[in-house]
Each structure stands twice: as C-alpha cells, then as structure tokens.
Amino acid sequence: MKVIVPLVILLSCAALVAACCSVPVRDSVSETPAATPVPTAIPGSNDPFAQNARLGRGINLANALEAPAEGVWGVTLEEEYFQIVKDAGFDAVRIPIRWSGYADDTPPYTLDPTFFERVDWAVEQALSRDMLVVINIHNYEKLVREPAEHKDRFLAIWAQIAEHYQDYPDDLLFEILNEPNGTLDDLWNDLLVEALDVIRQTNPRRNVVIGPVEWNNVDALPLLELPEDDRHIIVTVHYYNPFPFTHQGAEWVSDSYEWMGTTWGSEADKQAVVADFDRVAAWAEAHDRPIYVGEFGAYRKADQEDRVLWTDFVARQAEAHGMSWAYWEFCSSFGAYDTMWGAWYEDLLGALIPAE
Ligand code: BGC
C-alpha cells in the first residue's frame, strides 16, 4: 500500500541527482516554435482503441498542477517542456491536476477561472503540437478521507470541467480520478458511474479514462465495473511492481528505506512482470476495453542501471500487449529530464523511446 506524505517528495537537489543517478548529457534544447491554433473537434467515431493506439508513448508532466500550488513542488510548466517532450518522440502527455484546490468549498463549488486559464494554456500547448493530452482529478485527498462529504463537490467539479472543455478536440481525454483508494474502494464502481453521467451530459463521445481501486493496481482490475453500453472508455492501470524496487527510499512510503538496495533484472523478476501484463491483457480482452498504463516508473534512489532495464522492460511489455503508456514523470524525482542541465537522462529516454 502506498502511503502518501506529499511535501517531502519533491524538492530535488540537483547535486544529489547528479550524484546518485547517471549524469545527464548536456543537450541543446530546440527552439520553441510558435504554437499553432488548437484545432476544433471533427466528426468521427472517436474509437477508443484507435485513440489508445495514438496515445502511444506518453509522459506525465507531474508535480506542477497537482501540487498545492504550481511551483511549490519544484515544477512550473514551461512552454519549452512541451516542445522538448514532442521533440523526444512522445505522442502524448498526462497532466495531473489538483482541481479540488481551486474550487469553492460551498455550492455551486465554482472553479477559479484563472486556474482554468492556466489549464487551458497547458492543454493547448500539447494539442497544438499534435500531442494527445489526458487531464485528471489528482490529489483530492479529502474525497478519499470523507467521500460522503465531498461527493457532491467532486461531481460539481467534473460538471464544470466537462462543460468548459466540451468543444475541445477529441485528443483531450478526461480521467475521472487518480488512484482511488482507501474508503473509496467500496464506493468506486458507483461513483465512477455518477461522474461519467455528469461528463456525458456535455461530452457524449469523449474518451474517458477510468482505473480500478487500490491505487489503480493491476490486481484490482477484476473489481472494476464499467457501464457496458458506454464504449468511450479507456481503462488505466498504474504499474509500480515490484513496489519495493520502484519505491525504495521513497519518502512518502512508510518503511521504504528498508527496501534500499533492492535490485531488479533476474529472469524471475522479468517473468513476474510478464505475468502481470498477461493478466491485464486477458482482462482487457474479456471486457473489450483498451488499456492505458497511465503511470509507471522507478524512483531515483534505485540503482540507475536497474531502473533503465525495468523501464525498458515495462514499456516494451505494455507495447507488446497493445497498451499505451505514460512514464511517471518528466522532471522530478522519477524524472527522465533534468531541467537544470537542460538535458534528458539519455539512458532513461532510450528506454522509453528506443532508437529506431
Ligand atoms: C502520486 C505521486 C507519486 C507517484 C508514484 C502518483 O500517482 O500522485 O505523488 O510520486 O504516484 O508513487
């Protein structure tokens, strides 16, 4: 089980990064071309399988808009980040968002228009570069702790997001909630239907990303119940197995210091990953749903060579099973990019986007 202790994670000391990870290669950042206007939605079926294939290889632009305030976790989204991600060969970005921090506490729970402008800007940076973009509700901790008290607010937030983006192109996807867990586990199958109903009032055919309980764990997929007749759904799972390897030394996970030194890469390690992906693929086939591995990554305290090996293996497993994916994450403590050096960690990038 993941125990989140949010603030401690992030403020990465560059010297520490350089010391414990491979030193990034300084690289020239390509000049940011002027963004082209966002195309408007076009008619079509918006088939979720076709769109999932286009989601392809993605990356989470994380620790920015899902922080208590953008910047306090060390990341402020910049226009050039979108170009850097595009130039590296990614097809899509996932942008975690703490909408709950920008909504009134009382009905009608109005979302801050200035924050909407900020998210519009981010969404348009991706779309105008021909990248798909997934936005979600992330870090709504009170909903997890007090679901009954926060359900109406959660649904009202979705009503506003859905209405606001209803005319945006299909390449914008909504994800109902990052990693439902804890008290939400028993309520999730009902809550997701209610949220979907709200979204469908204004977005009848937008593909909506939904994952299982227990932090979107692959093992919880059999618990997920989706409305049969809604086919504009892409199912997401997060993959951090084996957890003692990917989260060794993670400050927000209790006792994770005991896992320091956990290695990865034996034949048995690989077979365990294959078995997980086979199970997910069997579920997907039986339920006729496409799968998006919306987060996977190993924290920087793991051995760098093992991280690279694991990242490559997981990404290729997902692809071999016809799944799209988004690496967790761009430039923080799991990061594949170092903003101070202005460079990718070439070994991690090579694992994500192998040379042709
Ligand atoms: C959480 C992050 C965490 C990551 C890996 C994400 O869903 O929001 O805080 O670093 O999972 O554990």
Side-chain angles (χ1 to χ4, degrees), residues 1-12 16-17 21 58-75 77 93-101 134-145 173-182 184-185 188 209-220 235-257 259-260 262 264 276 292-302 307 310-311 314-315 318 325-337 348 352:
M1 166 170 159
K2 262 165 59 163
V3 180
I4 307 293
V5 183
L7 271 174
V8 270
I9 321 175
L10 302 157
L11 303 173
S12 62
L16 225 179
V17 175
C21 303
I59 195 159
N60 280 276
L61 293 179
N63 290 334
L65 297 182
E66 88 279 28
E70 187 179 7
V72 303
W73 284 355
V75 184
L77 295 181
V93 292
R94 177 174 180 263
I95 307 180
I97 304 177
R98 189 189 289 251
W99 292 98
S100 58
V134 178
I135 59 171
N136 71 356
I137 290 187
H138 207 100
N139 289 342
Y140 194 167
E141 287 134 12
K142 286 186 179 163
L143 176 70
V144 176
R145 282 202 300 272
L173 292 88
F174 296 155
E175 178 179 330
I176 291 182
L177 184 67
N178 182 63
E179 299 188 343
N181 65 85
L184 276 187
D185 284 2
W188 181 231
V209 176
I210 307 176
V213 294
E214 294 172 20
W215 314 87
N216 292 155
N217 197 299
V218 293
D219 293 330
V235 170
T236 191
V237 288
H238 290 178
Y239 197 74
Y240 291 108
N241 288 352
F243 204 63
F245 169 69
T246 63
H247 280 68
Q248 56 189 289
E251 292 80 358
W252 63 103
V253 178
S254 37
D255 300 331
S256 66
Y257 275 92
W259 304 332
M260 288 297 291
T262 305
W264 189 87
D276 283 340
Y292 172 54
V293 184
E295 289 186 16
F296 73 105
Y299 191 47
R300 66 171 182 223
K301 289 190 179 166
R307 281 177 83 201
W310 180 89
T311 303
V314 172
W325 52 256
Y327 180 68
W328 184 268
E329 33 66 39
F330 178 57
C331 66
S332 294
S333 50
F334 289 69
Y337 185 83
L348 270 178
L352 293 166

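Atoms within each ligand, like the ligands themselves, are counted from 1 in listed order. Since we're looking at a predicted model, the values are computed, not measured.
- Looking at Val237 and Pro212, their side chains come closer than 4.5 Å, going by heavy atoms from C-beta outward.
- The aromatic rings of Phe243 and His247 lie parallel to each other, with less than 30° between the two planes, well short of the 60° mark.
- With Asn60 as the fixed residue, the side chain to side chain donor-acceptor pair (under 3.5 Å) test singles out one of Glu66, Arg94, His138: Arg94.
- Within the 4.0 Å heavy-atom shell around ligand 1 one does not find Glu66.
- Note on ring orientation: taking the six-membered ring where Trp is involved, the planes of Trp310 and Phe245 are tilted (angle from 30° to 60°).
- At a heavy-atom distance under 4.0 Å, no atom of Val253 approaches ligand 1.
- Closest heavy-atom approach to atom 5 (C) of ligand 1 within the set His138, His247, Glu179: this belongs to His247.
- For Asp219 (side chain) and Asn217 (main-chain N/O), no donor-acceptor pair under 3.5 Å exists by modelled atom type.
- Listed by atom number, the atoms of ligand 1 under 4.0 Å from Tyr240 heavy atoms are 4 (C), 5 (C), 11 (O).
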Handout entry: ring pair (Phe, Tyr, Trp, His ring centres under 6.0 Å) between Tyr327 and Phe296, worked out
Key = CA-CA 5 Å; Tyr327 180 68; Phe296 73 105; 5.6 Å; yes
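- Residue His238 places no heavy atom under 4.0 Å from ligand 1.
- Using a 4.0 Å cut-off between heavy atoms, Trp215 makes no contact with ligand 1 at all.
- Under a 4.0 Å heavy-atom criterion, Phe334 is in contact with ligand 1.
- Distances from ligand 1 to the non-hydrogen atoms of Tyr299 include no value under 4.0 Å.
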